[in-house]
Amino acid sequence: MLLVDSKSPLYYQLAKLIIDEIKNKNLKENDRILTEREYCEKYNISRATVRQAISYLEKKGYIYKIQGCGTFVSSRTIKQKLLKFYSFTEEIKKQGKTPESKILFFRKIISNEIIAKELNISPDDEVFELIRLRIADSESVMYEKTYLPVKKFPDLSKKDLIKNPLYDIIQNRYNINFTKALERFSVLSSDEKISEILNIPVHSPIMKLQRWTYTGIEIIEYTVSFVRGDRFEFEVELAED
């Protein structure tokens, strides 16, 4: 008998046990789990119950099936809570993955009208343009462009960014505290450029994430990111006042 929780349906109890097996046995992505028949024999339950549990786990993204081959552990999505400031590097570490940020470009440019509007600066002001590829466990998950007003961050260099996370530099070196951030999401299909960068098929679902970071009423950072929809998910927790 399962009886993880006698009030829960048997399929749900089995699903919870399978999740525990994946975690406690440290099963890696693409490792094979037991067959339906093996679960039936192990827990003395019906094939219908096992199939319902497998279907539930498949919908939740824990496992995937290959016809004629078996059922396997899915690649785990990166879950990001949105009710607080967060660092990509730290969040990836919390989820047991190895983060890496590859700087593709870092340069000082004259702002154009679009970037000036996003940062609320003059069109002829200088900005730093930082373009990075965000990586988790050697897999590219995010292509990111960040714009920073040069006047707020004098002497910022690529060497600084290689050594330390951007937000650490902003807070510790420039003594700037974040007061709020605004994020906007939209769903797109990847074009050829983004598909090549993220190593995904053309027209794959991706999320476009825009972020404006404030200190007081000043915008100190504008970032636009293109995020793999199959590897990243964002989570908002709602609560009553």
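Note that this is a predicted model, so its numbers are computed, not measured.
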For I45, does its backbone N or O pair with a side-chain atom of T49 as donor and acceptor, under 3.5 Å?
no

With side chains defined as the heavy atoms from C-beta onward, is the minimum distance between F226 and E144 less than 4.5 Å?
no

Residue pair I176 / I220, side-chain heavy-atom distance below 4.5 Å:
yes

With side chain to side chain donor-acceptor pair (under 3.5 Å) as the test, would you mind laying out the steps for S101 and R134 before giving the verdict?
CA-CA 5 Å; S101 292; R134 302 293 210 159; 2.6 Å; yes

More than 12 heavy atoms from other groups under 6.0 Å of CG on N120:
no

L104, CG atom: more than 12 neighbouring heavy atoms under 6.0 Å:
yes

Are L148 and I110 connected, step by step, through hydrophobic side chains (Ile, Leu, Val, Met, Phe, Trp, Tyr) whose heavy atoms are closer than 4.5 Å?
no

Can you hop from L130 to F178 via hydrophobic side chains spaced under 4.5 Å?
yes

Assess whether a salt bridge exists between K42 and E21, defined as any Lys/Arg side-chain N lying under 4.0 Å from an Asp/Glu carboxylate O.
yes

Rounded to the nearest 0.5 Å, what separates atom CD1 in I115 from atom NZ in K145?
8.5 Å

Output yes when a side-chain donor or acceptor of E38 lies under 3.5 Å from a complementary backbone atom of T35, and no otherwise.
yes

How close do I219 and E118 get, counting heavy atoms only, and between which atoms?
CD1-O, 3.2 Å

Go through the steps to decide whether Q210 and T223 satisfy the test side-chain contact (heavy atoms from CB on, under 4.5 Å), and finish with yes or no.
CA-CA 6 Å; Q210 293 173 279; T223 293; over 6 Å; no

So do the side chains of T213 and R211 get within less than 4.5 Å of each other, counting heavy atoms only?
yes

Taking D160 for its side chain and S157 for its backbone only, find out whether a donor-acceptor pair lies under 3.5 Å.
yes

Not counting sequence neighbours, which residues clear salt bridge (charged side-chain N to carboxylate O under 4.0 Å, His left out) with K108? List them please.
none

Gap between atom CG of N199 and atom OG of S204 - 0.5 Å precision
10.0 Å

Check V50 against E36 and note the closest heavy-atom contact, atom names and distance.
CG1-CA, 3.8 Å

Evaluate whether atom CG of L182 has more than 12 neighbouring non-hydrogen atoms of other residues, nucleotides or ligands under 6.0 angstrom away.
yes

Which distance, rounded to the nearest 0.5 Å, do you find between the NZ of K163 and the CG of D168?
14.5 Å

Quick check for you: to the nearest 0.5 Å, what is the distance between S225 atom OG and F185 atom CZ?
9.5 Å

Report the residues that fulfil ring pair (Phe, Tyr, Trp, His ring centres under 6.0 Å) with F72, sequence neighbours left out, ordered by chain and then residue number.
Y64

Ring pair (Phe, Tyr, Trp, His ring centres under 6.0 Å) involving F128 - partner list, sequence neighbours excluded:
F106

Are the side chains of I135 and L133 in contact, using a 4.5 Å heavy-atom criterion?
yes

Measure the shortest side-chain to side-chain distance between E221 and L119 over non-hydrogen atoms and say whether it is less than 4.5 angstrom.
no

Stepwise side-chain contact (heavy atoms from CB on, under 4.5 Å) test for K65 and E58
CA-CA 8 Å; K65 297 172 72 174; E58 196 172 8; 3.6 Å; yes

With the side chain counted from C-beta on, respond yes when T146 and Y222 share a heavy-atom pair under 4.5 Å apart, and no when they do not.
no

Donor-acceptor check, side chain of T179 to backbone of Y214, threshold 3.5 angstrom: yes or no?
yes

Give me the atom names and distance for the closest heavy-atom approach of I206 to I194.
CD1-CG2, 4.0 Å

Please step through side-chain contact (heavy atoms from CB on, under 4.5 Å) for the pair S140 and I197, ending with a clear verdict.
CA-CA 8 Å; S140 300; I197 291 170; over 6 Å; no

Among all residues two or more places apart in sequence or in another chain, which pass the ring pair (Phe, Tyr, Trp, His ring centres under 6.0 Å) test with Y174?
F153

Contact between R47 and R37 at the side-chain level, heavy atoms closer than 4.5 Å - yes or no?
yes

Check whether any side-chain heavy atom of I54 sits under 4.5 Å from a side-chain heavy atom of I63, and report yes or no.
yes

Ring pair (Phe, Tyr, Trp, His ring centres under 6.0 Å) filter on Y12, not counting sequence neighbours, yields Y56

So, for A15 and A53, which heavy atoms are closest and what is the spacing to 0.1 Å?
N-CB, 4.0 Å

Is the number of heavy atoms from other residues, nucleotides or ligands within 6.0 Å of CD (E196) greater than 12?
no

Is there a chain of hydrophobic side chains (I, L, V, M, F, W, Y, each step under 4.5 Å between heavy atoms) that links V227 to V187?
no

What are the two closest heavy atoms between C69 and R32, and how far apart are they?
O-NE, 3.9 Å

Testing the basics here: between S122 and S111, what is the closest heavy-atom pair and its distance to 0.1 Å?
O-CB, 4.3 Å

I'd like to know if Y143 and V202 are part of one continuous hydrophobic network [Ile/Leu/Val/Met/Phe/Trp/Tyr, side-chain heavy atoms within less than 4.5 Å].
no

Rounded to the nearest 0.5 Å, what separates atom OG in S186 from atom CG in L188?
4.5 Å

Residues at least two apart in sequence or cross-chain that pass salt bridge (charged side-chain N to carboxylate O under 4.0 Å, His left out) with E129, listed by chain then number, are R107

Roughly how far, to the nearest 0.5 Å, is CD of Q171 from CG of L166?
10.0 Å

Donor-acceptor under 3.5 Å (D137 side chain, T98 main chain):
yes

Just by modelled atom types, is the I114 backbone N or O under 3.5 Å from a matching donor or acceptor in the N112 side chain?
yes

Using the rule that Ile, Leu, Val, Met, Phe, Trp and Tyr join whenever any side-chain heavy atoms are under 4.5 Å apart, tell me whether I109 and I131 fall into a single cluster.
yes

